[in-house]
Amino acid sequence: MLKINTDLHTHTVASGHAYSTVDEMAKGAFTKGIKLIAVTDHGPQMPGGPHKYHFGNFSIVPDKLYGVRIIKGVEANILDEGTLDLDAEELARLEFVSAGIHRLTGHNLKNKNDYTAATIKAMENPYLDMITHPVQKEYPIDLEKVARAAAENNVILELNASSYSPKKDHTRGIKSESLRLLRLAKKYGFKLAVNSDAHFHDEIGEYSSLNFIFESEDFETGLIINRSQKNVINYLKKREKRLSELKKTV
Ligand SMILES: [Zn+2]
Ligand SMILES: [Zn+2]
């Protein structure tokens, strides 16, 4: 059985509706044998979410806690026309930028066309690494179009364990669409990430709700960018290089 020992989507108390500190998240990861986590608190437009200063001061957190590599990131909110709720200067300070569509964040996106167009526009942001929970009942998107844009813009699409968590009284995912992502990833060549979307430290690295994906005949370990710590570190190195070249051209 595949053991994924990294998690690129986790929330701390800073998100306003999550319940562990960075320190507790790192300890939780260590206890579970998870070697690397991205701390990706919600962007400022989330009710109860952190002020943008949270992200500006993130570098004071050590790169490693309890032997766990801590990647300083964000789960920004995708707003109208695909803008994000942190600007380029703020995003430039972070090591990993993800974004997703969330309710109560002030957007006026109303239908599948809007959700698809905003998601694709967000992917054109050079700082964006990953779209979180691209498959959700509440915000349906044209997966084929988004898949193509993911390949063109080198953006990761997420397989979100929390969307199928038995702990939630509803599941927000659509199994057939998440399975379709595997086939689209092979067709277009973008990468997927397997993440918990933990809002408490004991959820880090909990991927069993995605067993239907791991057991699918379309599943291949090679599609998963965070299949190992080494793979994530390689990705981050390439990212740094790409962004430093971008700075030179601006
Ligand atoms: Zn989210
Ligand atoms: Zn999240």
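In each ligand, atom 1 is the first atom listed, and ligand 1 is the first ligand listed. Start at 1 with the first residue, then count along the sequence.
- Look at H102 and the Zn ion (ligand 1): an N/O/S atom of the residue is under 2.8 Å from the metal.
- To the nearest 0.5 Å, atom OG of residue S98 and atom CG of residue L128 are 7.5 Å apart.
- Nearest to the Zn ion (ligand 2), among the N, O or S atoms that H11 has, is NE2.
- Using a cut-off of 4.0 Å between Lys/Arg side-chain N and Asp/Glu carboxylate O, K121 and E81 are scored as not salt-bridged.
- As for D197, its N/O/S atom nearest the Zn ion (ligand 2) is the one called OD1.
- To the nearest 0.5 Å, atom OG1 of residue T40 and atom CD of residue E95 are 12.5 Å apart.
- Among the atoms of H9, an N, O or S atom falls under 2.8 Å from the Zn ion (ligand 2).
- Using a 4.0 Å cut-off between charged nitrogen and carboxylate oxygen, R239 and D129 count as a salt-bridge pair.
- Among the backbone and side-chain atoms of H42, no N/O/S atom is found under 2.8 Å from the Zn ion (ligand 1).
- Within H133, the N, O or S atom at minimum distance from the Zn ion (ligand 1) carries the name NE2.
- Contact check for L36 versus V68: no side-chain heavy atoms found under the 4.5 Å cut-off.
- Contact annotation: E75 places an N, O or S atom under 2.8 Å from the Zn ion (ligand 1).
- Defined by atom type and a distance below 3.5 Å, a donor-acceptor pair is present between the side-chain atoms of H102 and N77.
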